[in-house]
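This report refers to the structure that appears directly beneath it.
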Amino acid sequence: MSNPSQFLQSRTVSQPLYHRRRCSHMAAIGPTSPQLSQPSLSHPPPPKLTTVKALSESPGLSSIPSIYTIPKQPNHELVSDTKEPIPTIDFSLLISSNPDERSKTIRELGKACRDWGFFMVTNHGVPERMMKAMIEVCREFFELTEEEKGECEGKHVLDPIRYGTSFNPSVEKILYWRDYLKIFQHPSFHSPSNPPSLREIALEYSKRARGVMKEIVRGISESLGLEDKYIEKATNLENCLQIMIANLYPSCPQPELAMGLPAHSDHGLLTLLIQNDTVGLQVLHKDQWVNIHPIPNSFLANIGDHIEIMSNGKYKSVLHRAVVNDRDVRISIALFHGPAADAAVSPAPMLLEDGQNPLAYRAMKYKEYLELQQSSKLDGKSCLEHIRNRGI
């Protein structure tokens with residue numbers, strides 16, 4: 001497709017959560033997309049799913065329905081507040097005009113990608129008030145009535161505005177203790193009409209975060225021994241697919257039985273996450289789940305599957321999950337930054353030249369990878385395994 005955003009509405013990849021009218025949203029800024037086809041009226045609507053927020057606010061709720069009970073997995077409870085701190089990257093040094101400072105920071109970035117796959121980003125230049133406003137306006141969205149939020153439920157897993165619960169209930173046997181709002185921000189910008197301030201805040205926030213992402217990706221490219229703009233050019237990052245997901249994890253009466261999101265890696269190149277003061281993200285590090293305690297006014301960044309692909313496995317996307325608690329509501333906002341929709345991503349040839357590193361992944365267009373991941377169960381790194389070269 002010549003238009004990088006057309007794929008968003010080109011295929012039906014799942015049935016809608018509910019049959020309701022489409023979300024009334026602001027006009028998209030950027031390339032336009034064709035209208036979605038209407039669902040057939042010959043089929044009855046699927047049963048309505050209760051949102052976790054509505055369930056958690058049920059009077060007298062003391063236990064969770066069995067559909068939310070997660071089977072325990074090996075190492076499920078190996079949780080640590082490791083004394084080994086998560087790496088921190090000073091963004092101001094990454095973009096420094098001092099070549100020694102910048103080179104040192106790029107080396108630190110490469111080590112963070114190799115050792116953790118996650119790192120804090122400080123001194124990034126995005127105003128703290130903007131980050132707090134983004135969290136607050138998403139809180140306001142989740143406080144809307146179920147009917148108002150229901151207007152944004154969408155009909156397909158790749159609708160540019162989509163409100164829902166769990167991850168993909170159409171294929172899940174067990175549901176997750178999570179409601180979400182997913183909005184495509186670039187190359188076309190979309191926003192619900194409610195709350196009214198969401199559009200303005202999200203537009204500026206996503207723009208500022210893209211600038212941070214591009215500099216980090218350039219640093220990652222250099223840390224791999226590539227030209228600073230190699231990844232940027234190879235993935236057509238100017239037309240990157242940027243997706244904002246606001247997650248709501250209500251308090252849960254039996255948090256030891258439920259899960260906000262299961263262990264998974266992220267699609268794309270780089271995820272930038274902010275959250276309120278409630279801890280709930282855990283990262284698998286050295287075979288233990290580590291609680292992540294964010295630094296105020298920082299981004300929590302992690303590399304995605306497509307950095308693992310481009311680095312031919314030198315840098316690996318890392319499993320992480322969201323846990324819940326019985327006291328506080330957690331809100332997190334993740335900005336996923338992927339290649340352009342039509343970019344076919346494969347390992348950088350320069351990383352294969354010595355003959356010691358055979359091609360580990362086959363090429364796949366980013367839109368196809370995203371469709372595969374979003375229409376399946378969230379299951380570890382199963383999508384990345386799908387394109388792994390089995391001959392090595």
Side-chain angles (χ1 to χ4, degrees), residues 51-53 55-56 64 67-73 75-82 86 116-120 134-135 138-139 141-142 162-169 172-182 243-268 270-285 288-295 298-305 317-336 373-374 376-383:
T51 64
V52 175
K53 182 177 186 296
L55 178 62
S56 69
I64 63 174
I67 190 69
Y68 291 95
T69 301
I70 304 294
K72 298 302 180 185
Q73 303 292 326
N75 85 346
H76 180 91
E77 297 182 4
L78 293 176
V79 178
S80 168
D81 283 307
T82 178
I86 186 171
W116 276 82
F118 275 75
F119 48 92
M120 299 290 184
M134 194 67 241
I135 293 172
C138 287
R139 184 194 304 274
F141 173 85
F142 288 117
R162 190 162 185 258
Y163 165 69
T165 191
S166 192
F167 178 75
N168 189 350
E172 293 165 345
K173 295 181 180 179
I174 302 295
L175 300 181
Y176 303 110
W177 200 261
R178 171 231 193 196
D179 296 336
Y180 67 86
L181 172 66
K182 181 184 299 184
I243 305 172
M244 179 184 294
I245 301 183
N247 301 294
L248 178 77
Y249 303 101
S251 59
C252 176
Q254 295 178 297
E256 71 280 2
L257 300 181
M259 185 67 68
L261 277 176
H264 66 282
S265 62
D266 289 349
H267 59 81
L270 190 77
T271 304
L272 296 176
L273 182 133
I274 59 174
Q275 64 177 47
N276 64 353
D277 295 330
T278 301
V279 174
L281 180 69
Q282 296 180 341
V283 172
L284 191 63
H285 179 63
Q288 278 199 324
W289 289 107
V290 177
N291 291 309
I292 300 299
H293 300 272
I295 299 172
S298 67
F299 285 114
L300 176 61
N302 65 279
I303 57 175
D305 292 346
S317 58
V318 173
L319 294 179
H320 52 287
R321 67 186 187 183
V323 297
V324 294
N325 68 83
D326 59 2
R327 303 173 308 281
D328 302 312
V329 175
R330 178 170 177 255
I331 295 177
S332 69
I333 301 170
L335 272 174
F336 297 81
Q373 195 242 31
Q374 295 292 299
S376 306
K377 293 189 298 182
L378 202 57
D379 182 20
K381 299 177 72 168
S382 59
C383 289

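We're numbering straight along the sequence, starting at 1.
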- Query: For N291 and Q282, what are the C-alpha separation, side-chain angles and deciding distance, and is it a side-chain contact (heavy atoms from CB on, under 4.5 Å)?
  - Reply: CA-CA 5 Å; N291 291 309; Q282 296 180 341; 2.9 Å; yes
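- In terms of the ring-ring contact (aromatic ring centres under 6.0 Å, His included) criterion, residue partners of F299 (sequence neighbours excluded) are, by chain and number, H124.
- Between I245 and F336, the shortest heavy-atom contact is CD1-CE1, 3.5 Å.
- Looking only at side-chain heavy atoms (C-beta outward), Q275 and I292 stay at 4.5 Å or farther from each other.
- Between the OG1 atom in T278 and the CZ atom in R327 there is a gap of 8.5 Å [rounded to 0.5 Å].
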Ignoring hydrogens and angles, write down the donor-acceptor pairs under 3.5 Å from the side chains of residues 248-255, residues two or more places apart or on other chains.
unit_1, atom_1, unit_2, atom_2, d
Q254, OE1, I64, N, 2.8

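- A distance-only check finds a donor-acceptor pair linking the side chain of N276 to the backbone of V329 [under 3.5 Å].
- Here the side chains of I174 and P71 are in contact, with some heavy-atom distance below 4.5 Å.
- What you find for A246 and F142 is that their closest heavy atoms are O-CZ, 3.4 Å.
- Relative ring orientation between H285 and W116 is described as parallel, the plane-to-plane angle staying below 30° on a 0-90° scale split at 30° and 60°.
- Within the 3.5 Å criterion, the main-chain N or O of S166 finds a donor-acceptor partner in the side chain of R178.
- The closest donor-acceptor contact from the side chain of H264 to the backbone of H320 lies under 3.5 Å.
- Side-chain atoms of T165 and L175, non-hydrogen and from C-beta on, never get closer than 4.5 Å to each other.
- The distance from the CG atom of D179 to the NZ atom of K53 is 8.5 Å, given to the nearest 0.5 Å.
- Taking NZ of K182 as the reference point, atom OH of Y163 lies at 14.5 Å (rounded to 0.5 Å).
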- Task: Walk me through it: do V52 and Y176 pass the test side-chain contact (heavy atoms from CB on, under 4.5 Å)?
- Result: CA-CA 9 Å; V52 175; Y176 303 110; over 6 Å; no
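- Rounding to the nearest 0.5 angstrom, the gap separating the CG atom in N247 from the OH atom in Y180 is 10.0 Å.
- Considering all non-hydrogen atoms of both residues, A301 and L272 come closest at CB-CD2, 3.7 Å.
- Taking every heavy atom of both residues into account, M259 and V323 meet most closely at SD-CG1, 3.9 Å.
- Side-chain contact between M244 and L335 is present, with heavy atoms from C-beta onward closer than 4.5 Å.
- With values rounded to the nearest 0.5 angstrom, I333 atom CD1 is found 4.5 Å from I274 atom CD1.
- Legend: residues meeting side chain to side chain donor-acceptor pair (under 3.5 Å) with K381, ordered by chain and number and at least two apart, are E308, S317.
- Side chains of I86 and L300 form a contact here, defined as non-hydrogen atoms less than 4.5 Å apart.
- Between atom CZ of residue F118 and atom OG1 of residue T271 there is a gap of 7.5 Å, rounded to the nearest 0.5 Å.
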